[in-house]
**Q** 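Here's a structure for you.
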Amino acid sequence: MATTKAAATTRHRELGLSDDEVLAMYRAMLLARAVDERMWLMQRAGKIAFIISGQGHEGAQVGTSWAMRRGQDWMAPFYRSIAATMTFGMSAEDIITAHLAKGDDVSSGGRQMPGHYGGAPYNIVSVSSPVGTQVLHAVGIAMAAWVRGDDVVAITFYGEGTSNQGEIHEAMNFAGVHKLPVIFVCENNGYAISVPLAKQVGGLSVAARAVGYGMPGVTVDGSDVLACFGAAREAHARARAGEGPTLIEAKVVRLTSHSSDDDQRRYRDPSEVEGLKEHDPLPRFADQLRQLGILTDPIEERLRAEVKAEVNEASRRAEARPDPEPETAAGGVYAAETR
Amino acid sequence: MATTKAAATTRHRELGLSDDEVLAMYRAMLLARAVDERMWLMQRAGKIAFIISGQGHEGAQVGTSWAMRRGQDWMAPFYRSIAATMTFGMSAEDIITAHLAKGDDVSSGGRQMPGHYGGAPYNIVSVSSPVGTQVLHAVGIAMAAWVRGDDVVAITFYGEGTSNQGEIHEAMNFAGVHKLPVIFVCENNGYAISVPLAKQVGGLSVAARAVGYGMPGVTVDGSDVLACFGAAREAHARARAGEGPTLIEAKVVRLTSHSSDDDQRRYRDPSEVEGLKEHDPLPRFADQLRQLGILTDPIEERLRAEVKAEVNEASRRAEARPDPEPETAAGGVYAAETR
Amino acid sequence: MAELNILEAIRQAMDEELERDERVMVLGEDVGKKGGVFGATEGLWAKYGDKRVLDTPLSEGLIAGAAAGAALYGLRPVAEMQFADFVYPAFNQIVSEISRMRYRSNGAFGLPMVIRMPYGGGVHGALYHSQSNESYFTSTVGLKVVAPGTPADAKGLLKAAIRDPDPVMFFEHKKTYRLFKAEVPDGDEVLPIGRASIARAGKDLSIFCYGYMRFCALEAAEVLAREDGLEAEVVDLRTLRPLDVATVLGSVERTGKALVVHEANQFGGYGAEVAAVIAQDGFEHLDGPVTRLAGPEVPAVPFHHALEDWFMINPSKIVDAARALAAY
Amino acid sequence: MAELNILEAIRQAMDEELERDERVMVLGEDVGKKGGVFGATEGLWAKYGDKRVLDTPLSEGLIAGAAAGAALYGLRPVAEMQFADFVYPAFNQIVSEISRMRYRSNGAFGLPMVIRMPYGGGVHGALYHSQSNESYFTSTVGLKVVAPGTPADAKGLLKAAIRDPDPVMFFEHKKTYRLFKAEVPDGDEVLPIGRASIARAGKDLSIFCYGYMRFCALEAAEVLAREDGLEAEVVDLRTLRPLDVATVLGSVERTGKALVVHEANQFGGYGAEVAAVIAQDGFEHLDGPVTRLAGPEVPAVPFHHALEDWFMINPSKIVDAARALAAY
Ligand SMILES: Cc1ncc(C[n+]2csc(CCOP(=O)(O)OP(=O)(O)O)c2C)c(N)n1
Ligand SMILES: Cc1ncc(C[n+]2csc(CCOP(=O)(O)OP(=O)(O)O)c2C)c(N)n1
Ligand SMILES: [Mg+2]
Ligand SMILES: [Mg+2]
């Protein structure tokens, strides 16, 4: 026990994280989860039309995003990136506002479905639905930084089903050719809607593809937030040093159905679903922090209270925002100054 | 010397090839080269509008195609596949007729540019220009054979520049997932028009990508025809045994400019171009066969005379064929029985 | 006769064709065990096994390209794009390969295959689950394009599409899937591709439409009859390529006025072709300008219901346009 | 004033913009050392280095998508598709992403980028090096589409496209590249996107065209004037999206007769939109049916010169169509 504790202590410190920081990471995961859960409630209450959840992915998202520099680096997320976009700057209110499709929602002003995050102020590229397209944008951003000689790293997220889209291949190859400063994070939750890994990924490993592009491919346990942070931190350093891209495959679990439109009981055994909870990154991280004495009951209580208050406040404020005016739908196709 | 000879002897026999067969392979290469050279002459004479050459690729093409079963297996070739399509059934006359765009050309009736081979009677899928599209067709054919339980293997050919198209990724992954009976042959000649390998392929190895799809990736010297045959023979056996696809990367040389519209002196050093001749598969194979006593001066003379006569006859007959009638261009958009 | 909705009719057509012809296979994302995100393939996987009802990886280029390969081999694949909005990764295969395989091989290789695509808005799907992108395909020579608006048409035309020797893009309007039930003939009823149907006869003006717009146009025609005494002829085009020019011009000859309605944006939309044909070949019969009513010039349907309502064509917009044209 | 051909004008526009604005970069296949397969970027690699004039791998999806990313970052990428025929692997990026990034982000992210594409037939390029596929893009909301027909327009409009805050598809007709030289204003002359030009004034009928068709229409107009005493007005649309509706309708108002000409196939082609606009908004001025003259309904230009000639629109086909319309 003592050794474990020591080892664990060493671990976050060795990664350059203070006790406060790991606690902040834990809080970020709690907050993302709470926002996510709240939105399911709002969906059931008919306030939100649709939700596509990040539950189970928070460790991978917070861990990897924590290595990025807000306001300097760029992020091209996907529809499960609640925790990632929040780590990179979006607030709980931003997320909930987007789901309510309010007129002043920072992501799209109510134009896009829930899950389609984006934020120019945060360097977060607007999410679209066709999977994988954002990966090319991340590479393009990295290319632009490389052309201009800027100290900027791009990070992008996608699922293992998506890894089979042709655009991913084109993106990774180009990043490999020019050693562009970009980090690819594949959140492998074992399913693309109903289709399991074995029918999606020839060879079963996404990380194994990296070598074919001349970049390292790392597989990490996505419910181990520090492992994810460590992999991303290293990838970030490589990118900045001109050593090129990295592919991180984070093995995560999808704790919910694909989305509120799906029912995973149609294609997944109850026992399988039950077993997923073991891989929930939140209790795992909590346990680690408790072992280290960083997290205690009073701290946990305080954090949970803070998070609850934050989510309450965020949803209250989000709900109070104005709906978009119908006619506004006509605008913003082209820049204002042109026809 | 004696050892070399013995080793070489063993080699083709071990691959299950008789002396007559290796001589036939050599003749196939000679014929493809002769057809190719003749068409350059016809191009310069203004009879053919355009030529995109297979010179330097013949070893890889004849070697791999030799492992396929004519009339049973399928081939999805590309624009350099003169030797491959001829090995699989097309005649010198078919090839030259296509280049002359004659009305009864088996490939397209004069509708397509030179280099766009195809032949329903030979199970050769019609070539189009957008690179890489045929790879999905080969996979689809293999899928169909697998669905139907037929003993059929598909083989497809493409360049290393083309290996960076997204469709290739989608094709290889799917073949890997279902262990489809298909052989991917990437003829790596180091250039995609003017852009060298180092700016095309992250990681520099196409074969290295295979592991990411759960299939073996083999690199062979494409000017070593027997090595190519061996790799394809093994791949064919794997495919038939239900063990799935194989990626063969054949390192070849492009002895000509990209096409008759290109001038490689603009982007390639004269010394580099000069050095390519060393890798010409024809003299290499001839040397091997001579060492084995299979090829002798009289045999070589006979073969060359035969080939010359065949090409003369083929071009004479091809030139005599009728040009297409203009109005025929309107037909064949939909099946005759429908509007 | 059974009463079916459009979704059931489509499922039944696939079921019967899988049963009838062992060369038929279905492939796409989640079409197997899950039965498709809309349930169009429900039950087929259990019945025909996981090769003939094949879950593919998430790669639309693959779906189209592998279907093309299978069709070359002699099968009759029915590929599903999960949403029409996600067909673009397959665009190269569809346009470069599938549409012109027959032409480029001088008739040697035909591709008997179908690509089914749920399309259209009004289902809270926003920019990427609501597109009506038929015009990319209707302008592509070598394809046929079908867009049924009733259960009987859906079934009869899907069967025809599966048996057709050439590639057919089959557009299924999501909002119509469960919108209403109607009688579908029992047995093996195959409808010809390339024929429009007169959904309602009338003498005062012609409304040309397809898919969900058929439903809206019929509702609008009721209102026009009731409130204005105007008899609108509603022509359901059903097949968009080839267009049934004779039926279109015949209707214009009768009514003298043409209103072309679709949900996609107007500029360069499919309605432009219908309008242009009428303007050129029906010129002498026209008593008023060929009028188009189409979705607004924005990239696709926005999400918030107020924005979505703003976007969508509905019976009352059709009534307004018809009144203006009738008054010309 | 310098006398340039269209290829030189395009090269000069890129050169001057690369010089003027360091955010501008050029990317595509073989655009570097080789200078492009048509020579459009010749000399730029030597002058601006291999980052700002970047040879990409053979992946069109990448070219478009990376350009989009660079534009998000604040650069002004000018991407080249080696042939318009090879744009389809990039179609998903162009339609799903590039055309609607601004709209979907409610105006937060604009994409100032250009995609240059050599298009068109008559150059012995056959099915896959001859396509006129502009209609896929002209019907796509969120894009601008430009297709110049003269060296001065090519230069002035390419500069405008590079400076435009929104994505522009820039169509360069291959047959016009070296077809003729004409004066190009010296200096930084930027032409507005969205304005047609009257290439020749006339009173008897209007011919609407763009790209290489401008050249053919002007030749046809000469013949009509000389042999028939007909004064055709030739309107070069130059920008296909947005269409300069005012100029189009103004011309129809003057002449009463409209002939729309393009090289792509007719059904669903760009001309359908022009015809539909005229049919609806110019109805009262029409003295004859809006007439379209377009490429035949085959997938693309076949190779053999006899087949290619059969396919291509040329001055004499325009003369015939104009005579028939004038005689109406
Ligand atoms: C191009 C495209 N095809 C299909 C879809 C429909 N779709 C949405 S999510 C999804 C599965 C994605 O699986 P994966 O990449 O593993 O991510 P996950 O949802 O499991 O996190 C599919 C098929 C889509 N959005 N885009
Ligand atoms: C999709 C597409 N983009 C561009 C081209 C133009 N093009 C024809 S061949 C070629 C290079 C191909 O290189 P590689 O795959 O290495 O084959 P190689 O010609 O060297 O044998 C290019 C860019 C094309 N035919 N298709
Ligand atoms: Mg997944
Ligand atoms: Mg090559």
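For the numbers below, each heavy atom of this structure counts, side chains included, while hydrogens, waters and symmetry mates do not. Below, read A as the first sequence line, B as the second, and so on, with proteins coming before strands; counting in each chain starts at 1.
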**Q** Quick check for you: among A/Ala192, A/Pro130, A/Ala49, A/Gly103, which has the greatest number of heavy-atom pairs under 4.5 Å with chain C?
**A**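 Ranked by contacts with chain C, first place is A/Pro130.
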**Q** At their closest point, which heavy atom of A/Met172 faces which heavy atom of A/Met215, and how far apart are they?
**A** O-CE, 3.3 Å
**Q** In terms of heavy-atom proximity below 4.5 Å to chain A, should C/Asn92 be classed as side chain, backbone, both, or neither?
**A**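 Neither the backbone nor the side chain of C/Asn92 comes within 4.5 Å of chain A.
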**Q** Sort C/Pro89 into side chain, backbone, both or neither according to what part of it lies under 4.5 angstrom from a heavy atom of chain A.
**A** side chain
**Q** Would you check if there is a donor-acceptor pair between the side chains of A/Ser128 and A/Thr133 at a distance under 3.5 Å?
**A**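 The answer is yes; a qualifying pair exists.
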**Q** Quick one: of C/Pro57, C/Gly32, C/Gly61, who has the most non-hydrogen atom pairs under 4.5 Å with chain A?
**A** C/Pro57
**Q** Pick whichever of A/Ala101, A/Pro326, A/Gly109 has the most heavy-atom pairs under 4.5 Å with chain C.
**A**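 Option with the top pair count is A/Pro326.
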**Q** With no hydrogens and no angle check, do the side chains of A/Glu187 and A/Gln61 hold a donor and an acceptor under 3.5 Å apart?
**A** yes
**Q** Any salt bridge between A/Asp262 and C/Lys34, counting N to O under 4.0 Å?
**A**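 Answer for the salt bridge query: yes.
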**Q** Non-hydrogen atoms of chain A under 4.5 Å away: do they reach the side chain of C/Gln82, the backbone, both or neither?
**A**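 For C/Gln82, side-chain heavy atoms alone lie under 4.5 Å from chain A.
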**Q** Tell me, side chain or backbone of A/Val195 under 4.5 Å from chain C's heavy atoms, or both, or neither?
**A**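 Both the backbone and the side chain of A/Val195 come within 4.5 Å of chain C.
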**Q** Counting heavy atoms not belonging to A/Glu325, are there more than 12 under 6.0 Å from its CD?
**A** no
**Q** Going by the side chain to side chain contact (heavy atoms under 4.5 Å, CB included) test, name the single residue among A/Asn188, A/Val201, A/Val135 that passes it with A/Ser163.
**A**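 Answer to the side chain to side chain contact (heavy atoms under 4.5 Å, CB included) test with A/Ser163 among A/Asn188, A/Val201, A/Val135: A/Val201.
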**Q** Looking at A/Arg266 and C/Glu42, is there a salt bridge between them, counting it only when a charged N and a carboxylate O are closer than 4.0 Å?
**A** yes
**Q** Counting only non-hydrogen atoms closer than 4.5 Å, does C/His129 touch chain A with its backbone (N, CA, C, O), its side chain (CB onward), both, or neither?
**A**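 Contact with chain A is through the side chain of C/His129 alone.
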**Q** Give, as side chain, backbone, both or neither, the part of A/Ser108 having an atom under 4.5 angstrom from any heavy atom of chain C.
**A**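 Neither; nothing under 4.5 Å.
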